[in-house]
Structures are given as structure tokens and as C-alpha cells.
Q: 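The structure that follows is given in the form of C-alpha cells.
Chain A is the first sequence line, chain B the second, and so forth, proteins listed ahead of strands; every chain is numbered from 1.
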There are 2 protein chains.
Amino acid sequence: MVQIPDPPAPPSSPASRPVPTSADVARLAGVSRATVSYVLNNAGAVRISEPTRRRVHEAARELGYVPHAAARSLRAGHSRMVLMPAPPVPAGPLYSQFVHDFQQALGRLDYTVVQYGASGLRGDEAARAWAELRPVAVLVPGPGIGPEGVAVLKRSGARAVVTLGCDRVEGAHALLLDHETVGRAAARHLYDRGRRRVGVVVPRERSLDMFSRPRLAGARAALDGTDATVTELSLAYTEESARALAARWRELGLDAVFAFNDEYAVLVLSALAERGVRVPEDTAVIGADDLLLGRLVRPRLSTVHIRLPSGRDLAELVDRAVRNPGTPPESRELLAATVVGRESS
Amino acid sequence: MVQIPDPPAPPSSPASRPVPTSADVARLAGVSRATVSYVLNNAGAVRISEPTRRRVHEAARELGYVPHAAARSLRAGHSRMVLMPAPPVPAGPLYSQFVHDFQQALGRLDYTVVQYGASGLRGDEAARAWAELRPVAVLVPGPGIGPEGVAVLKRSGARAVVTLGCDRVEGAHALLLDHETVGRAAARHLYDRGRRRVGVVVPRERSLDMFSRPRLAGARAALDGTDATVTELSLAYTEESARALAARWRELGLDAVFAFNDEYAVLVLSALAERGVRVPEDTAVIGADDLLLGRLVRPRLSTVHIRLPSGRDLAELVDRAVRNPGTPPESRELLAATVVGRESS
DNA sequence: TTGAAAGCGATACCAC
DNA sequence: GTGGTATCGCTTTCAA
């Protein structure tokens with residue numbers, strides 16, 4: 001091997017040695033790159049003598065060699081990466097828990113879950129950005145993708161695309177979170193308890209629209225054609241906003257409120273209590289998501305319980321789809337939305 | 001276009017065409033791969049005739065061509081990926097918000113944040129797994145890495161390693177979350193209000209030990225050498241567990257409790273109220289993290305406010321470190337822990 | 001048991 | 001303007 005004088009080093013990297021490659025390991029161990037690969041990957045098909053193995057391992061350790069995942073999967077032609085685009089809004093407790101479970105479960109199946117924070121792009125642009133990573137499967141939260149996006153992903157090798165949102169997308173497996181059902185269940189519950197002037201809290205945070213709009217629509221739908229009215233109430237997740245809302249409570253003349261979720265509901269509850277509005281006597285309150293929080297406040301909060309998929313179930317669905325890419329996409333209804341009536345309604 | 005009879009398809013991929021590459025685009029457009037690359041990357045140095053450009057773009061669109069990120073960064077020798085190993089525990093509200101901000105901010109600086117769910121590995125194994133991805137920077141939450149891990153990452157090209165946790169790690173930038181300070185602040189506050197028999201709630205969830213232990217230790221340290229006592233109270237995040245704790249409250253004989261964080265504090269508050277223990281008269285309660293939640297319950301919850309780094313600040317730190325890898329690691333104290341006294345203490 | 005070499009996909013230098 | 005082609009790091013077939 002001839003020593004070629006280095007070109008004048010670029011000033012950007014002052015003294016940093018280049019990252020060691022398998023060739024470096026081979027050189028140091030006095031073997032070929034092929035042997036290095038065999039040893040480090042415990043290739044069963046090939047027998048390598050014990051002394052050689054040791055020399056290779058030692059050389060690798062000494063250089064701090066770490067294989068290059070991109071090169072590896074480029075050569076292999078596939079990876080076991082499951083991509084999850086990060087949602088455009090900070091994760092809530094339900095979602096955090098779900099992602100965590102999902103990661104654990106897929107990890108046990110030997111996949112690697114990657115949450116990819118490529119915000120700023122949207123629609124097909126985003127799908128292309130995800131496809132560049134050549135994931136074996138993609139789990140898309142919310143309405144972040146359309147049929148063309150799914151097609152792009154599949155054409156670039158994704159063996160399963162799963163959407164976790166309100167509506168079915170052509171070509172993708174769907175976990176349907178039917179938020180309208182949540183709104184409908186809440187509204188019907190309030191109606192059954194004799195309430196007729198129902199407020200629906202809609203978060204001012206626009207990033208929650210994808211959840212809040214369907215919930216509002218569901219409530220509207222449930223009460224349409226009855227003698228009850230629905231009033232949309234815009235609310236930011238701050239005490240000031242809640243106080244402002246409570247201040248005009250009497251003039252609103254509502255006898256019930258469905259508050260998007262338990263966190264907003266507790267916020268409302270607190271502001272109403274401050275103004276002396278009695279719950280549930282003057283106004284019934286119901287939230288959604290059945291967070292522990294709702295059981296801790298007084299009066300205990302009525303809520304709509306949502307049964308999310310267990311991370312394990314979903315991991316198995318993904319695994320099945322990956323092993324068997326021919327099968328037509330499944331759709332699963334995931335919102336068995338059931339009302340949990342407690343003290344506040 | 002000639003129809004070539006497929007070779008006996010491997011049963012794994014029934015009808016799926018291979019993923020299109022730039023070579024396919026070149027073939028279809030009747031140009032070379034080099035030209036394709038120039039056109040699609042808008043290479044400024046080279047002029048390509050307008051008709052050629054169009055042909056290339058059209059071919060790419062028709063094939064649904066998406067460049068292969070791994071191949072690209074293999075060739076380029078670097079990427080702009082910032083790796084964040086996912087924490088071993090479902091993210092709390094504070095952390096979710098922080099990650100979200102951090103992602104947005106780094107996105108604006110043209111980095112890509114990737115949360116990597118490689119649970120199961122630990123210590124140097126984990127560091128090696130991260131290094132395989134050749135990230136340009138790594139942000140490690142918690143005590144997930146040691147000095148050797150940092151060295152491994154740097155040797156494989158990471159230009160910045162930042163730890164977000166309790167203690168400084170050799171070679172890495174550190175954002176120090178000194179949880180002992182939180183415990184100390186809480187305990188001192190209770191002491192100043194005349195409390196002498198202090199309980200400290202420690203979550204039974206072992207994955208929170210990395211936060212809860214230092215908080216407990218801080219409380220112990222603050223009251224050490226005074227006439228006050230500290231009692232460790234194990235508590236799971238469930239109503240039953242809280243009720244069980246409340247049931248033996250009298251016999252515990254405590255006059256104050258520091259409850260790890262606001263969520264646990266509210267849980268305790270609720271259970272105590274149920275047993276008729278008056279707060280703050282019989283027992284003072286203080287939480288931590290200053291979640292909105294604490295302002296919504298009655299009595300309003302005293303808490304320890306923690307000032308986390310803004311995502312933007314941290315993004316800038318990372319960017320600076322990446323552009324200028326020579327500079328010695330900075331350490332920043334991030335816990336300006338200040339007590340917010342409200343009604344519960 | 002080990003080595004030489006082909007190639008995975010994209011890019012950039014150097015000719016034409 | 002455009003086309004060859006070497007190269008990034010790794011795996012794997014084939015030959016020795």
C-alpha cells in the first residue's frame with residue numbers, strides 16, 4: 001500500500017482524524033475487508049480462525065470502529081426502520097403513552113422506530129421527504145398524507161403505510177380515530193340528562209383543529225333535529241381565556257358544555273367554580289379522553305373514554321403488513337367511544 | 001417499451017417493481033445519470049438546456065422517483081441529522097413541549113431531528129447504535145451515556161454531543177438539570193412555613209428514578225442537620241395507590257409532603273381530601289414543574305417552577321457547536337428552581 | 001480460511 | 001451543455 005501525501009487538509013476539520021472504516025480495521029488487523037465483515041457480523045456460513053477473529057475484534061476496538069448504517073442498508077437494499085412523522089403539535093399524554101408502547105413493541109420485533117421531525121413540509125412534499133429515508137413502514141398521525149403520498153411511499157419501498165386519523169386513505173392501512181363519534185357521544189349524553197343549550201369548547205390552538213372540528217361536528221350532528229342548540233366556544237389553554245369565558249357565562253345562558261378534552265374541561269371547571277357557577281346544577285360539564293386528571297378534580301369529571309389501539313396490537317399489524325405486503329389494507333375502527341358519567345354532568 | 005417476461009418472482013414481493021433510481025430516470029429521459037443529478041439538485045455551476053431539464057423532470061415525475069437519502073449522505077460524507085434517543089419513559093408534558101420547540105427551531109436552521117427509539121440497549125451499546133447513524137449531533141436525555149459513549153460518537157463524526165441531565169459528562173456539552181435543587185427548594189419552603197415532619201413522594205415507576213431520586217436527595221440534604229425529618233413515600237400513579245397512602249396518613253403523622261411533581265401532588269391532594277385531611281392546615285402539599293394543572297385545583301397547588309431551556313436556545317447551541325467543533329464543551333445550569341407558593345402550603 | 005472484486009445509489013470532477 | 005467515471009462504506013459471491 002503506497003502512502004499518498006494528504007492533500008492540504010480543509011481548514012474546517014482541524015485535527016480530527018477521519019472516521020475509521022472497515023478498511024482501516026482490516027489494515028490494522030492485517031486481513032481483508034471481507035474478513036472483517038465476516039467476523040463482525042458473526043457470519044455463520046464462513047469459519048474464521050480464532051486468532052484472526054481476535055485480531056479483528058481488537059483492531060475494531062482500538063480504532064473505535066462503528067459500522068456505517070447507511071452504507072450497510074444501501075448494500076442490503078432494505079432496512080428495518082419504521083418511520084413516524086412527528087405530529088405538528090406537542091404530544092398529549094395519550095399520544096405519548098401510545099408512541100412509547102408502540103416503540104417498545106416494535107423494538108421487540110426487531111424494528112427500529114424513528115420519529116422524524118420534518119415539520120414545515122406538507123402533503124406530497126412531506127411524503128417525498130419521508131420516502132427518501134426508505135423506511136420499511138410508515139405510521140402517519142393525523143391527516144398528513146393523501147393517496148398520492150401513499151403511492152410515493154410504496155413506490156420507494158415502504159411495505160406498509162398506516163394512517164392514524166379520521167379518514168381512510170386509498171392504499172393505506174387505517175386506524176380510524178373517529179372523533180365525530182366522541183362529540184356525538186358527549187352531546188347525546190348531555191341531551192339524555194335533559195340539557196338543551198349545549199356549549200362546545202373548541203381550542204383556539206389551530207393545530208388541534210384536526211381533533212376539535214370533528215368533535216364539534218359530531219356534537220352538532222347528534223343534536224341536529226332536536227330542540228337543543230349548540231354554541232361554539234373558542235378557548236385558549238390559559239387561565240385568562242377561561243376566566244374571560246366564565247365571565248360571560250350567564251349571558252351565554254348555557255346549561256351544558258362539552259369541553260373538547262379533559263384538560264380543557266378542567267380548565268373550564270375551575271373558571272366556572274371561581275364565578276360561582278354550580279356544576280352540574282347550573283351547568284353540566286363533560287370532557288373527553290378519560291385522563292386520570294378528571295378523576296382527581298371535584299366534582300369528578302364526566303368524560304368520553306377513548307380506547308386507543310395498544311402499541312402491541314399496532315406493532316403486530318405493522319409486522320404482518322411488512323411480511324406480507326400483498327394483502328389489501330385493513331381498516332380498524334379504534335374509537336369505541338363510551339361515556340363515563342361522573343359527578344360533573 | 002418492450003414487455004420483458006418477469007423472472008420467476010421471489011414469493012416475497014409479488015408484483016412490486018423495483019424502486020426507481022436516478023439511472024432509471026436517466027434512461028427514460030435519454031440522458032446520463034450525471035445530468036439527472038444536476039437537474040434535480042439545481043446545480044448552479046452547470047447549465048443545462050431547458051428542454052433537457054423538462055425531460056428529466058418529467059421522467060422523474062412519471063417514475064415517482066425519490067432520491068435515496070442513505071446513498072446521498074454516504075456520498076456526501078455527512079448529513080444534517082440531529083439524533084435524540086427517545087427517553088425510556090413516556091414523555092411528560094414538559095418534555096413534549098420542549099422536544100417540539102427544539103424540533104421546530106432546528107428545522108429552521110435546516111437540520112433534521114430524529115427521535116430514535118432504540119430501547120433495550122444501554123450504555124456503550126446504545127452509543128454505538130446511535131453512532132451507526134452518523135448523526136451530526138446528538139442530544140441525550142438523562143443519564144444514557146458515559147464518557148466512552150461520547151468518545152465513540154465523536155470518533156464516528158458527531159460534531160456535538162449534548163447531554164440533558166443531572167451530571168456533566170466528559171467531552172459533551174451539558175445542560176444540567178439539577179433535580180436536587182428542586183428537592184432542596186421544596187423542602188426549604190416547607191421548613192420555612194414551620195413544617196417539620198416532611199414526606200417525600202417517590203413514584204413507584206422505576207423509570208422516573210432518575211428524576212425522583214435526586215429530588216428526594218435534595219430534600220434530605222436541605223433538612224439535614226435541622227430538627228425536621230424526611231419520610232420517603234412510595235406511590236404509584238393510580239387512585240388506588242393514592243387512597244392506600246391517604247389511609248395511613250394519620251399514623252404517618254406528617255405535616256407536609258413534597259410530591260415529586262404536580263401530577264403526583266394533585267393525586268395526593270385528591271386522596272387526602274377524600275379522607276378529610278385538610279390542606280394546608282393539617283398537611284402542606286407542594287409539587288414541582290409548575291404545570292397549569294396546579295393552578296386549576298383547589299386549594300391551588302404550591303409548586304417548584306423549573307425553567308427549561310427554550311428549544312430555540314438549545315438549537316442555537318447545537319448549531320454553534322456543529323459549525324465550530326473545536327470549542328470546548330459548554331455547561332449550562334438550567335434549573336433556576338423557584339418556589340411558587342400558592343394555597344396548598 | 002482468506003482475498004479480490006462487483007455493486008448498492010448518488011454526486012462531482014474532468015473531458016469532450 | 002453533457003457524458004463517463006471514481007468514489008463514499010459495506011456485504012457477499014466466487015476463486016484461490
Q: Hey, is the side chain of B:Tyr38 pairing donor to acceptor with the base of C:dC13 inside 3.5 Å?
A: yes
Q: Once you round it to whole Å, what is the distance between P of D:dG9 and CG of B:Leu133?
A: 16 Å
Q: Does A:Ser22 have a side-chain nitrogen or oxygen under 4.0 Å from the phosphate oxygens OP1 or OP2 of D:dC10?
A: yes
Q: Which whole-number value in Å describes the distance from A:Arg47 CZ to C:dT2 P?
A: 12 Å
Q: What is the separation between atom CZ on A:Arg27 and atom P on C:dA4, rounded to the nearest whole Å?
A: 13 Å
Q: From the options C:dG9, C:dA5, D:dT2, select the nucleotide whose nearest atom is closest to the side chain of B:His68.
A: C:dG9
Q: Under a 4.0 Å N-O cut-off, is there an ion pair linking A:Glu316 with A:Arg320?
A: no
Q: For the pair made of CZ in A:Arg33 and P in D:dT12, what is the distance, rounded to whole Å?
A: 13 Å
Q: So, does B:Ser310 use its side chain to make a donor-acceptor pair with the main chain of B:Arg312 at under 3.5 Å?
A: yes
Q: Which sits closer to the 5' end of DNA chain D, B:Gly30 or B:Arg75, going by the nucleotide each is nearest to?
A: B:Gly30
Q: Closest nucleotide of DNA chain D for B:Arg53 versus for B:Arg134: which of these residues is on the 5' side?
A: B:Arg53
Q: Round to the nearest Å and state the distance from A:His78 atom NE2 to D:dC10 atom P.
A: 17 Å
Q: Check the distance between D:dG9's C1' and B:Glu132's CD and give it to me in whole angstrom.
A: 13 Å
Q: In whole angstrom, give the distance that lies between atom CG of B:Asp24 and atom P of C:dC8.
A: 11 Å
Q: With a 4.0 Å cut-off on heavy atoms, is A:Thr21 in touch with a base, just the backbone sugar-phosphate, or nothing at all?
A: sugar-phosphate
Q: Give a yes or no on whether a salt bridge exists between B:Asp319 and B:Arg323, defined as a side-chain N under 4.0 angstrom from a carboxylate O.
A: yes
Q: Out of C:dA10, D:dC10, C:dT1, which nucleotide sits closest to the side chain of A:Ser49?
A: C:dT1
Q: Would you kindly give the CZ-to-P distance between A:Arg72 and D:dC10, to the nearest whole Å?
A: 8 Å
Q: Which of parallel (below 30°), tilted (30 to 60°) and perpendicular (above 60°) describes B:Phe98 and B:Tyr95?
A: tilted
Q: Identify which one of B:Leu28, B:Thr35, B:Val31, B:Val25 satisfies the side-chain contact (heavy atoms from CB on, under 4.5 Å) criterion when paired with B:Arg55.
A: B:Val31
Q: With sugar-phosphate meaning primed atoms plus P, OP1 and OP2, does B:Thr52 contact a base, only sugar-phosphate, or nothing at under 4.0 Å between heavy atoms?
A: sugar-phosphate
Q: Hey, does the side chain of B:Asn41 come within less than 4.0 Å of C:dA10's phosphate (OP1/OP2), counting only N and O?
A: no
Q: Given D:dG9, D:dT11, C:dT2, which nucleotide is nearest the side-chain atoms of A:Leu74?
A: D:dG9
Q: At under 4.0 Å between heavy atoms, what does B:Val31 touch on the DNA or RNA strands: base, sugar-phosphate, or nothing?
A: sugar-phosphate
